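Just so it is clear, the structure is predicted and the values come from calculations on it, not from any experiment.
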Amino acid sequence: MNSHIEIEGFKCFEKVNIPLKMLNVLAGGNSVGKSSVIQALLLLKNSLDDPRTPLNGNYLLNLGNAAQILSKKLVNNDIYIKYKYNFSKLAKRWTVNLSNPDVYLPQPRETILQKGEFPLNNHNFHYLHAERLGPRPRYEIGIEERNVGWRGENTIAILSSETVGTPYYNIHSSLMFPQSENPKLRHQLELWMKHIVPGIDVSPERVKEINQSYILYNDNSPYNVGFGISYVLPIITVGLIARSGEMFIVENPEAHLHPSGQSRIGYFLAKVANSGVQVIIETHSEHVINGIRLASLEKEISHDNVVIHFFSKKEDQDQPDINTIFLNENADLDDWPLGFFDQQQQDIARIFKLRKEKRK
């Protein structure tokens with residue numbers, strides 16, 4: 001496939017072109033530009049939803065005013081973002097007025113929009129923020145739609161709706177749990193949840209009289225089970241209900257999960273990407289990446305459809321270095337840059353060294 005995002009003049013980026021595939025992993029340390037790539041995509045999506053392009057609110061963006069998101073080394077005051085997906089693309093160029101910066105981007109000076117059904121232009125665009133909803137006693141029921149919300153706030157409402165058992169929510173065969181035959185969303189959700197969190201039972205219910213929903217795990221309140229269960233439930237829900245041609249961005253899918261669960265969520269997201277959903281993951285977990293590699297070896301996704309972007313920068317850098325890493329047919333990484341999930345080896349080497357010194 002032919003997909004990429006170009007970013008100029010936005011935050012830490014002077015000018016970058018980042019190739020995208022069906023499954024895209026953004027990895028690296030803190031404050032090195034991973035979230036800025038996601039925010040650039042969210043700004044483009046905002047520009048489709050609202051021509052004023054708000055910098056705060058939608059998708060939980062909190063970017064301040066337009067002057068605060070300009071790259072420090074610009075020779076002009078332009079922000080340019082382009083997203084391309086096969087033969088469709090969306091590009092916008094904004095010129096920021098530094099003397100009177102607003103909390104909206106100004107009307108774009110340049111717009112390129114090749115319309116068509118491509119992920120960013122799709123009504124059912126899926127994004128899950130790193131700060132998802134934790135355990136709650138009840139959840140409000142809003143507009144019925146196939147979207148869990150930016151923090152997963154609509155998940156329980158969807159799972160407890162009257163339409164959840166209809167063919168509308170049936171799961172595509174490529175995403176059904178191995179050796180299962182029932183395509184109903186609730187059934188598939190329970191199988192995948194048990195795979196990621198062994199022994200968990202999920203029971204969402206709706207109380208029509210007060211227009212609210214609630215969920216029990218193994219007949220217990222959400223407060224009496226691990227935090228990771230509430231965090232992973234919307235990820236599994238989105239993965240199952242997202243459809244080919246849509247986009248799913250998820251930040252920190254590994255949050256609050258045991259390493260085995262982190263690996264399995266990586267495996268699951270690889271299957272989601274293989275179903276035709278363009279998936280973008282921001283992660284700090286090598287287990288998530290290893291789960292993706294396992295999925296590639298088991299032919300759940302082609303290695304050609306996976307790319308890992310590793311972000312790093314030195315103290316005197318503004319724009320990060322981006323190492324683009326591909327998988328080969330054996331799910332090996334074609335590059336292993338310094339700092340790429342090598343902390344375990346560094347720690348073990350230091351432990352051996354300190355033990356040796358202690359014996360002297």
- Task: Decide if the gap between the ring center of F13 and the ring center of Y80 is smaller than 6.0 angstrom.
- Result: no
- Mind checking whether E8 and I79 have side chains closer than 4.5 Å, heavy atoms only? no
- Query: Do the side-chain N and O atoms of T95 and R109 include a donor-acceptor pair separated by under 3.5 angstrom?
  - Reply: yes
- Test log, rule ring pair (Phe, Tyr, Trp, His ring centres under 6.0 Å), inputs F125 and Y59: CA-CA 11 Å; F125 168 84; Y59 306 111; 5.7 Å; yes
- Note on the structure: What one should report as the nearest heavy-atom pair of S296 and S302 is OG-C, 4.4 Å
- Message: So does V307 get a backbone contact from the side chain of N24, meaning a donor-acceptor N/O pair under 3.5 Å?
- Response: no
- Query: Taking all atoms of both residues into account, what is the closest heavy-atom pair of F227 and P135, and its distance?
  - Reply: CE1-CD, 3.3 Å
- Query: Do you know which two heavy atoms are closest between Q39 and L63, and how far apart they sit?
  - Reply: OE1-CD2, 3.5 Å
- Item | E246 and R146: CA distance, side-chain angles, deciding distance, salt bridge (Lys or Arg N to Asp or Glu O under 4.0 Å) verdict | CA-CA 12 Å; E246 297 178 354; R146 192 170 48 81; 2.8 Å; yes
- Item | Greater than 12 external heavy atoms within 6.0 Å of Y168's OH | yes
- If only atom types and distance count, is the side chain of N218 paired as donor or acceptor with the main-chain N or O of G199 below 3.5 Å? yes
- Taking the side chain as every heavy atom from C-beta outward, state whether L128 and I249 have any atom pair closer than 4.5 Å. no
- Task: Just jot down the side chain to side chain contact (heavy atoms under 4.5 Å, CB included) partners of V32, sequence neighbours excluded, or say none.
- Result: K34, F311, K313
- Basic-acidic side-chain contact under 4.0 Å: E298, K271: no
- salt_bridge(K314, D316) N-O dist < 4.0 Å: no
- Task: Find out whether W94 and S47 are in side-chain contact, i.e. whether some heavy atom of one side chain is under 4.5 Å from a heavy atom of the other.
- Result: yes
- Query: Within a reach of under 6.0 Å around NZ of K194, are more than 12 heavy atoms found that belong to other residues, nucleotides or ligands?
  - Reply: yes
- Message: Would E162 and K208 count as a salt bridge (Lys or Arg N to Asp or Glu O under 4.0 Å) here? Give the steps.
- Response: CA-CA 11 Å; E162 294 179 350; K208 293 181 181 179; 2.4 Å; yes
- V202 versus L233, closest heavy-atom pair with distance: CG1-CD1, 4.4 Å
- Query: Which heavy-atom pair separates A66 from P101 by the least distance, and what is that distance?
  - Reply: N-CB, 4.4 Å
- Query: Just wondering, are more than 12 heavy atoms of other shown residues or ligands nearer than 6.0 Å to CZ in R138?
  - Reply: no
- Note on the structure: CE (M247) and CD (Q278) are apart, to the nearest 0.5 Å, by 4.5 Å
- Pairing of K184 and E190 as salt bridge, 4.0 angstrom limit: no
- Query: Does any N or O in the side chain of H129 come within less than 3.5 Å of the main-chain N or O of V250, such that one atom is a donor and the other an acceptor?
  - Reply: no
- Item | N305 versus K21, closest heavy-atom pair with distance | O-CB, 3.6 Å
- Item | Donor-acceptor under 3.5 Å (N252 side chain, T283 main chain) | no
- Message: Can you confirm whether or not the ring centre of W150 sits under 6.0 Å from the ring centre of Y127?
- Response: no
- Check the pair H195 / F177 against ring pair (Phe, Tyr, Trp, His ring centres under 6.0 Å), numbers first and verdict last. CA-CA 9 Å; H195 182 62; F177 193 79; 5.5 Å; yes
- Message: Counting C-beta onward and ignoring hydrogens, is there a side-chain heavy-atom pair between L333 and R293 closer than 4.5 Å?
- Response: yes
